[in-house]
Protein chains: 2
Amino acid sequence: MSISINDVARVAGVSKSTVSRVVAGGAVSAEVRARVEAAISQTGYRPNLQARRLRSQRSGIIAVIVADIRNPFFTALIGAVEAVAYQQELRVMLCNTDEDPAREALYLQMMQEERISGLIFAPTRTTVGRLERMQWDAPTVLVDRAPAAGRHDSVVIDNRAAMTELVTHLLAQGYRRIGGLFGSTSTTATERRDGYLAAMQAHGLAPDYREVEPTAEAAIAATGPWLARADRPQALVTSNNLLLMGALKAARAAGLSIPDQLALAGFDNERWTELVEPGISVVEQPVEEMGRAAMSLLLERMKSPELPVRRLVMSARCVLRGSTRPAR
Amino acid sequence: MSISINDVARVAGVSKSTVSRVVAGGAVSAEVRARVEAAISQTGYRPNLQARRLRSQRSGIIAVIVADIRNPFFTALIGAVEAVAYQQELRVMLCNTDEDPAREALYLQMMQEERISGLIFAPTRTTVGRLERMQWDAPTVLVDRAPAAGRHDSVVIDNRAAMTELVTHLLAQGYRRIGGLFGSTSTTATERRDGYLAAMQAHGLAPDYREVEPTAEAAIAATGPWLARADRPQALVTSNNLLLMGALKAARAAGLSIPDQLALAGFDNERWTELVEPGISVVEQPVEEMGRAAMSLLLERMKSPELPVRRLVMSARCVLRGSTRPAR
DNA sequence: CTGAAAGCGCTTACAG
DNA sequence: CTGAAAGCGCTTACAG
């Protein structure tokens, strides 16, 4: 079909071993090297990676499996991963699971068939549990979502503490009926929920929260009726930026002014949170750094499979804006 | 290393040809099939795609090369492509070029070595020109960015007409000093610029525009000083959503009220354009449909390489909001 | 420094 | 329906 190493060898008048050495940068005399290089550009030869991988038993492919490629948090993460992969001459295979454990299982299987060199994975809560029991031996780094302790390296923030800080801020501003809107599919959302519960309980307040599919649409559907109730919350925290956006839309639709009738806060310092009026208070995660750190851990793991499991907890910070101004 | 078809054959007491047939769903007696399937689950055998691809000479890999994975337009596009690829059992290799022609060239070469089955590509203006002369024969669909006529299938909108419509709307609202902020790296931005020029000229107005790197940061840097001038525009249109966001930030920083001191409009109906006050008028592109259509064209092209070149022009629509209310 | 040979794990005609 | 053989395009010891 396409031009192979044999064609180049014939044109250059050498063996294919020699062509292979030239391509790999091995020890070859200058004269032969020049002849082979001429033959390569004359024929337009391009190595076949499928063959190289089969023979060398390393694919040089990194898989990235995320729950929602449309969530800008994951987009930024993927961007950082891709940048590192590019400079390491690794390929990136993209897998989007829509928070579906069945799809995650299928993708894991496919990536096993792919003989990937490494995996960056943001799994659902369901799969976090299963992953411990599964036979899965490719070098893997869990990012954003991980068990408290497990078999794989991970890069996370302290979700519980971050949410506790956010809720404590609202309490300090005088809010008492604080509602929580949390994703139902990730350990991350669950940890953030626990941070909310801890803060409320520490102040002797009754929690009032919902767990939903982590999309703006689900947030709108859940928040609309909630905000129409007589005992509706004075403030709302959400576990991610899509839920935050949905909550804001629902508040606007209900005609509630922010923060006077509803204070609002959530996660991820997306640019829009600063552009709406008033600005929305958020927990900012170092997402680019998380992506780069995950790749660093992965590269080390690929090099040294016997390293002890590492868990990297990065720090997040609250960015406070008008949406959480003191309660009247 | 890992379990191969030979191991399964030995356990099942058949030849590896037979195992291959079972895996491929070929004609095998029920009794033998059962034995082989038992051996497969007993050994935990997973086919090696590298070997399969080398032998069958088709990779089943789709490459997606985009200029900026962080631009939500491209993110949505990638999401749609991935969804179709998943159901077609194709893998997606993700390539991000940061609008860099050198990086595009490198990625094209890599994907050639990958022996990809197809390519979805949003190239820079530089590469749009080169692509015509390059030897590049993998099935390819250009999306969002394409030459007026060329060797490859494409899916675009009528960028020139869409921008003309947007500017004509501003003119009808009474604005005269309308500035344009356009990306410098894509045919898309250039076509939108031409639509702006056409509308201004049709009304005998002097154009006033800048071409910049298509990022929010570049937009802020360009717009800040511009809005500080005595002859600053009364209205501003931008060629994409990142520039729009940057322009809005610069307007806010300059303390200009919208639309009274500065009307604003751009591209892509991102959710934030509706949540800021006032809402921003935008051209909405059918981005998901563009991604799915691109995959449809690609699948057909993969099946029938001899089809004539097709150019699919999808329709866009203006979503008018408060940011372009009539001028005082 | 260079070449011949073996083999990575499959699929695919070709016999039987 | 089943198996033996060839071969996809490489790399990698092994000789020389």
Side-chain angles (χ1 to χ4, degrees), chain A residues 1-40 43-61 89 91 109-117, chain B residues 1-40 43-61 89 91 109-117:
Chain A
M1 196 97 299
S2 61
I3 297 122
S4 84
I5 209 169
N6 288 302
D7 304 307
V8 177
R10 190 158 14 77
V11 171
V14 297
S15 75
K16 61 179 181 173
S17 317
T18 299
V19 176
S20 177
R21 274 184 209 105
V22 170
V23 171
V28 180
S29 73
E31 190 263 334
V32 168
R33 175 177 299 276
R35 232 165 57 222
V36 171
E37 274 165 357
I40 286 175
T43 54
Y45 167 72
R46 292 280 99 215
N48 182 321
L49 294 187
Q50 253 68 54
R52 180 179 288 176
R53 287 171 181 149
L54 174 58
R55 173 60 228 234
S56 65
Q57 301 282 68
R58 21 185 328 278
S59 70
I61 297 174
E89 306 204 314
R91 308 292 193 268
Q109 185 171 304
M110 288 182 191
M111 292 306 113
Q112 198 168 334
E113 298 180 359
E114 207 68 62
R115 305 298 194 263
I116 54 169
S117 295
Chain B
M1 196 95 297
S2 61
I3 297 122
S4 84
I5 209 170
N6 286 302
D7 303 309
V8 177
R10 191 159 12 79
V11 171
V14 297
S15 76
K16 61 180 181 173
S17 317
T18 299
V19 176
S20 177
R21 275 186 208 101
V22 171
V23 171
V28 179
S29 73
E31 191 262 334
V32 168
R33 175 177 298 279
R35 231 166 57 223
V36 171
E37 275 165 356
I40 286 175
T43 54
Y45 167 73
R46 293 280 99 217
N48 181 322
L49 294 187
Q50 252 67 56
R52 179 180 290 175
R53 287 172 182 149
L54 174 59
R55 174 59 227 234
S56 65
Q57 300 284 62
R58 23 183 326 280
S59 70
I61 297 175
E89 306 206 313
R91 308 292 193 268
Q109 184 170 305
M110 287 181 190
M111 292 307 113
Q112 199 167 334
E113 300 180 358
E114 207 67 63
R115 304 299 194 262
I116 54 170
S117 295

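First the proteins, then the strands, lettered A, B, ... as listed; each starts at 1.
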Engineer: Side chains of Ser20(B) and Ile5(B): does their closest heavy-atom pair fall under 4.5 Å?
Structural biologist: yes
Engineer: Rounded to whole angstrom units, what separation is found between the CZ atom of Arg58(A) and the P atom of dC10(D)?
Structural biologist: 17 Å
Engineer: Round to the nearest Å and state the distance from Ile3(B) atom CD1 to dC10(C) atom C1'.
Structural biologist: 16 Å
Engineer: How close or far is atom C1' of dC8(D) from atom CG of Leu49(B), stated in whole angstroms?
Structural biologist: 15 Å
Engineer: If you check every side-chain atom of Arg52(A), which of dA4(D), dC10(C), dC10(D) has the closest atom?
Structural biologist: dC10(D)
Engineer: Can you name the closest pair of heavy atoms from Val28(B) and Arg33(B) and give their distance?
Structural biologist: CG1-N, 3.8 Å
Engineer: From the options dC8(D), dG3(D), dG3(C), select the nucleotide whose nearest atom is closest to the side chain of Gln57(B).
Structural biologist: dC8(D)
Engineer: Need to verify one output field. Residue with the more 5' nearest nucleotide on DNA chain C, Lys16(A) or Val28(A)?
Structural biologist: Val28(A)
Engineer: Between Ile5(A) and Val32(B), which is nearer to the 5' end of DNA chain D once each is assigned its nearest nucleotide?
Structural biologist: Val32(B)
Engineer: Please give, in whole Å, the distance from dG9(D) P to Glu114(B) CD?
Structural biologist: 16 Å
Engineer: Between the base of dG9(C) and the side chain of Arg115(A), is there a donor and acceptor pair under 3.5 angstrom?
Structural biologist: no
Engineer: Measure from CG on Leu54(A) to P on dA6(C) and round the result to the nearest Å.
Structural biologist: 18 Å
Engineer: In whole Å, what is the span from the CG atom of Asp7(B) to the C1' atom of dG9(C)?
Structural biologist: 10 Å
Engineer: Starting from P on dC8(D), measure out to CG on Asn48(B) and report it in whole angstrom.
Structural biologist: 18 Å
Engineer: What are the two closest non-hydrogen atoms of Arg115(A) and Arg46(B), and how far apart are they?
Structural biologist: NH2-O, 3.0 Å
Engineer: Ignoring the backbone of Ser4(A), work out which of dG3(D), dC10(C), dC10(D) is nearest its side chain.
Structural biologist: dC10(D)
Engineer: Check every strand shown and say whether Arg46(B) touches a base, only sugar-phosphate, or nothing at a heavy-atom separation below 4.0 Å.
Structural biologist: sugar-phosphate
Engineer: Output the single nucleotide from dA5(D), dT11(C), dC14(C) whose closest atom is nearest the side chain of Ser17(B).
Structural biologist: dA5(D)
Engineer: Reading DNA chain D from 5' onward, which residue's closest nucleotide shows up sooner: Ala51(B) or Ser56(A)?
Structural biologist: Ala51(B)
Engineer: Among the nucleotides dC8(C), dT12(D), dG3(D), which one has an atom lying closest to any side-chain atom of Ser20(A)?
Structural biologist: dT12(D)
Engineer: Restricting to non-hydrogen atoms, name the atom on Ser2(B) and the atom on Asp7(B) that form the minimum distance, rounded to 0.1 Å.
Structural biologist: O-OD2, 4.2 Å
Engineer: Across all strands shown, which nucleotide pairs with dA4(D) by Watson-Crick or G-U wobble geometry, both distances under 3.5 Å?
Structural biologist: none
Engineer: Just how far, in rounded Å, is P of dC10(D) from CZ of Arg55(A)?
Structural biologist: 13 Å
Engineer: Quick one: label Arg53(B) by what it contacts on the DNA or RNA (base, sugar-phosphate, nothing), any heavy atom closer than 4.0 Å.
Structural biologist: nothing
Engineer: Could you tell me whether the side chain of Arg21(B) reaches within less than 4.5 Å of the side chain of Val32(B), counting heavy atoms only?
Structural biologist: no
